[in-house]
There are 4 protein chains.
Amino acid sequence: MKSTLKRKTGISPTASRIAQASLQLFNQQGERNVTTNHIARHLAMSTGNLYYHFSSKEDIIQALYQSYGDRMAWLLAEADARRHSLEELVVVLDAVLQHQWDYRFLLQSSASLFPFNAQLRASYQKFEVEQIAVGIESLFLKLREDGLFEGSVAAIRMLAVHFQLLQAAWIAHPERAGQSAAADQVVEDGRRQLLAFLRPHIAPAWQAAFERVASASACLPALVALSGRLAGSERAALCY
Amino acid sequence: MKSTLKRKTGISPTASRIAQASLQLFNQQGERNVTTNHIARHLAMSTGNLYYHFSSKEDIIQALYQSYGDRMAWLLAEADARRHSLEELVVVLDAVLQHQWDYRFLLQSSASLFPFNAQLRASYQKFEVEQIAVGIESLFLKLREDGLFEGSVAAIRMLAVHFQLLQAAWIAHPERAGQSAAADQVVEDGRRQLLAFLRPHIAPAWQAAFERVASASACLPALVALSGRLAGSERAALCY
Amino acid sequence: MKSTLKRKTGISPTASRIAQASLQLFNQQGERNVTTNHIARHLAMSTGNLYYHFSSKEDIIQALYQSYGDRMAWLLAEADARRHSLEELVVVLDAVLQHQWDYRFLLQSSASLFPFNAQLRASYQKFEVEQIAVGIESLFLKLREDGLFEGSVAAIRMLAVHFQLLQAAWIAHPERAGQSAAADQVVEDGRRQLLAFLRPHIAPAWQAAFERVASASACLPALVALSGRLAGSERAALCY
Amino acid sequence: MKSTLKRKTGISPTASRIAQASLQLFNQQGERNVTTNHIARHLAMSTGNLYYHFSSKEDIIQALYQSYGDRMAWLLAEADARRHSLEELVVVLDAVLQHQWDYRFLLQSSASLFPFNAQLRASYQKFEVEQIAVGIESLFLKLREDGLFEGSVAAIRMLAVHFQLLQAAWIAHPERAGQSAAADQVVEDGRRQLLAFLRPHIAPAWQAAFERVASASACLPALVALSGRLAGSERAALCY
DNA sequence: TATGAATGAGTTTTCATTCAT
DNA sequence: GATGAATGAAAACTCATTCAT
């Protein structure tokens, strides 16, 4: 698992550069406002070369979506593996928020990306709905069985849906809460808000532990170290 | 307050027809995929005439945003006025969800509309942040003072933010929750989910009343009548 | 029947100009080497305007094919109506050759136009195969019944096919016979060659008349007059 | 004279493979739709390598034209050598038709290949006009002197031209005669049609022999054997 | 010989906007 | 108010060809 932007093992470094630059520009200026010419020019590269590596603009977005979904699924699996430690769960939450922030153009323009784009819709079904949504629901239900959450199965299911919606909405519209776009701040505030959202559903037995974790700043050395393990080197390569 | 699509009192009926058709097409096909030529053709009208009434495509969106914000602010005032009756509050919630659904293209593509669009950004600041967000927060704090909500001021503030995010996310991405696009269903499910979201924060004294309202179907005659008063004639004019 | 380049009654003069210019450029330089930019520039017109009148380059070719087929079918009907006069038949033959010469790019590049072009293939089936080919066969069989041709039905059927192939081949590759591209010369030589091709199949009773017509030059006043009636004013508008 | 695709004796087998693949793809998909990248990919070869062996796409077509013309001239010489046996003449005719079918893209798109292509035009002059056309005319005139054809020198000259045009048209547009693209069928029907075309010009003394040959199927062992000698090994190398 | 990434001019097409009538 | 033809800049994408290795 080197770089999540590599679609297959051995993808060319140029394709990787194109994907990275596209991600950066899409995030900064909006996918709509970034043309293939912009991307190529940004990389001091000919359009022809860009199209040598990707068959279309859609193909680039598709590849980005792929790598977004891949890592998202992996993070979900991590959360599942670490679900007995609240501290580690929060670290994963941070990593998820950071990841969504890294690919925020997808969350911000997914609605405008979908109409009349069969391929992306298909990917969306596969990743977002079938994997991510199912994974989050499953995680929440397990946490309920572990005793973390109180409430009926139906209630926890709904909680999972709301959690996912809030997560995405937070990333897509941080400015709605009067937030400027400093990455770390978005992640930290996001964590705080999501934890606040979950608080009423935490079982009494866990509340003390929950408050301890919730009030801890992101800078605790242990968390940082763990976070490093999760989100480490490859992120540096992807995000501007 | 006849039609919320009129920018000023006495605006031409043609401009109104243009705005209505644009809203319909934007919602159905995505703003990105609807050209000014489409709109004009849809109205069996010349492009030139369209540009006689609106100075640009952006101007149309601006007008739609205006009318969206106007009614939104009015609904918020209604909620404030009716905040002593849970039944009526829910009616307003329905009206808000319906209104957001009517203008869903704004919620779905706001992120992709903003970059490099100073005017829209300004409107956004004015309406969404200064009015709507402030209004919701203020409403929630008043409801807290009325005894409906339990929690610290900070907690209720956060609740208001989450409430607004969830509302918007629910409208913008109904498919994320496996929801098909049947308007009435979206509204009804949205109400149910938002109430479920609020439930943990309802003070014990109100819980019985809350459950009564939450379990009531949308078809209770009284509610319908009230809803009619709220969402009445102008909606018929706007929505196909 | 004003101009065969008008697809419907009342087509805009600009669309007509585009079609005419395209026909001229396609004939002169080959469809392959003529871009929509060339056409627009040739008419001192913006590309956008060209695409306002035709939805694609294919659409232009389609329109040309349409008008080619329309007039071709009409000429065939004329031939049928005049089949009792050899003189008049020859006049129609001239008109057909002239018409094919006017649209020679179609005959020259039909093979390269077809692959992967469903619409044109369909038009081709409709016009060339179902109308023209059937029409020529039917004409030849009637002429056989009139006593002009000798031979079995099968033989005359084959004669009709060969006649059509020769006609097209003559227009498509006049240079193959060492012919320069002077329009009138192509037509006159084509007529002579096609008549020579038919000669062996003429029944003895008609041979004297046939030779008289075959040896007559194209300039006989009567023929010219008749030809004028057939191929008259609209040709001037179409062909450079 | 090993492979007609070798431009000089001893040309590299790679160049040969390129020419063969190009021929195949041009025939199947039309020269217009086959890019040099297609050809290279089809051969699992790099573009660079293709351009090492041929200086341009035109160069490939040129080479194909060369080998087409070479074999055509050779077949014509064969026809001349065998002109005293009708049976053998027909075998040569079959070989010619097969050869033209093997290179049908040239006949189908010659018109669209010529404009602005000086080299090809030159080749065309050299092969088609100076050699093939002259050769066919000379053959027909000799056959006239041998007593096979009746008619004036001028008439036989015209017959030769028509024969060549029909041959090419038959190959270039088999669909024009409602013919599907099965190679053997095209050849067989072509022979039948061309013989029917010649029939009226056969001198009475030869008619019995002519009918015998014309009605013989292509499968007579002797013919097949002879055909093998004519069209043998090199065809296997050229055609997919 | 061979590779394959890179080039760049060109192609079709789109669309917000203008303008003469 | 209304028409609709016209504009032009820019978008996505293609492809013959080159070049460093």
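Quick note on labels: first sequence line is chain A, next is B, and so on, each numbered from 1. Basis for what follows: all heavy atoms, side chains included, without hydrogens, waters or symmetry-related copies.
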Notebook entry, point to check: Would you say Y52(B) reaches dA2(F)'s phosphate, i.e. side-chain N/O to OP1/OP2 under 4.0 Å?
Noted result: no

Next item on the list: Mind calculating the distance between CG (N49(C)) and C1' (dT14(E)) to the nearest angstrom?
Entry: 14 Å

Next item on the list: With side chain to side chain contact (heavy atoms under 4.5 Å, CB included) as the test, would you mind laying out the steps for F26(A) and L64(A) before giving the verdict?
Entry: CA-CA 11 Å; F26(A) 289 164; L64(A) 291 172; 3.9 Å; yes

Next item on the list: Select from G48(B) and V34(B) the residue whose nearest nucleotide in DNA chain E is closer to the 5' end of that strand.
Entry: V34(B)

Check: Can you check the Q62(B) CD to dA16(E) C1' distance for me, whole Å?
Finding: 17 Å

Next item on the list: Return the 5'-most residue of the pair P13(B), K57(A) with respect to DNA chain F, ranking by each residue's nearest nucleotide.
Entry: P13(B)

Next item on the list: Determine: side-chain N/O of Y51(C) to OP1/OP2 of dT14(E), distance under 4.0 Å, yes or no.
Entry: no

Check: Quick one: are L25(A) and Q28(A) in side-chain contact, heavy atoms under 4.5 Å?
Finding: yes

Checklist line | Whole-Å distance separating the CD1 atom of I61(A) from the P atom of dC13(F) | finding: 10 Å

Checklist line | Interatomic distance, Q108(C) atom CD to N27(C) atom CG [nearest 0.5 angstrom] | finding: 7.0 Å

Notebook entry, point to check: Within less than 4.0 Å of OP1 or OP2 of dT3(E), is there a side-chain N or O belonging to S46(D)?
Noted result: yes

Notebook entry, point to check: What integer distance in Å separates N33(B):CG from dA12(F):P?
Noted result: 14 Å

Note to self: Under 4.0 Å, heavy atoms only, any strand: does T36(B) hit a base, just the sugar-phosphate, or nothing?
What the structure shows: base

Item checked: Length of the CZ-P vector between F54(A) and dA5(E), whole Å -> 12 Å

Item checked: Close side-chain approach of D102(D) and Y68(D), heavy atoms under 4.5 Å -> no

Checklist line | Contacts of type side-chain contact (heavy atoms from CB on, under 4.5 Å), residue N37(B), not counting sequence neighbours | finding: T35(B), R41(B), T47(B)

Notebook entry, point to check: Do S67(A) and Y103(A) have side-chain heavy atoms sitting under 4.5 Å apart?
Noted result: yes

Margin query: Strictly by ring pair (Phe, Tyr, Trp, His ring centres under 6.0 Å), give each pair with a member in residues 33-52 of chain A just once, sequence neighbours left out.
Written below: none

Check: Among pairs that include at least one residue of residues 17-31 of chain A, which meet salt bridge (charged side-chain N to carboxylate O under 4.0 Å, His left out), considering only residues two or more places apart or in two chains?
Finding: E31(A)-K57(A), E31(A)-R32(B)

Next item on the list: Would you mind reading off the distance between L50(A) atom CG and dG4(E) atom P, rounded to a whole angstrom?
Entry: 20 Å

Notebook entry, point to check: With a non-hydrogen cut-off below 4.0 angstrom, is T47(B) in contact with a base, only sugar-phosphate, or nothing?
Noted result: base

Next item on the list: Working to the nearest 0.5 Å, report the span between CD of Q66(B) and CD1 of I61(B).
Entry: 14.0 Å

Next item on the list: For DNA chain E, just give me the dot-bracket, please: Watson-Crick or G-U, both distances below 3.5 Å, ( ) intra-strand, [ ] crossing earlier pairs, | paired with another strand, . unpaired.
Entry: .||||||||||||||||||||

Note to self: According to side-chain contact (heavy atoms from CB on, under 4.5 Å), who are the partners of S56(A), at least two apart in sequence or on a separate chain?
What the structure shows: E58(A), D59(A)

Next item on the list: Would you mind reading off the distance between E31(B) atom CD and dC15(E) atom C1', rounded to a whole angstrom?
Entry: 12 Å

Next item on the list: Measure from NE2 on H53(D) to C1' on dT17(F) and round the result to the nearest Å.
Entry: 16 Å

Next item on the list: Ignoring backbone atoms, establish whether S12(B) has a side-chain N or O less than 4.0 Å from OP1 or OP2 of dG1(F).
Entry: no

Next item on the list: Would you mind telling me which of dT17(E), dA11(F), dT12(E) lies closest to the side-chain atoms of T35(C)?
Entry: dT12(E)

Next item on the list: Could you say whether S55(C) or R17(A) is positioned toward the 5' end of DNA chain E, judged by the nucleotide with the nearest heavy atom to each?
Entry: R17(A)

Next item on the list: With a 4.0 Å heavy-atom cut-off, tell me which residues in residues 37-45 of chain B come close to DNA chain E, sorted by residue number.
Entry: none

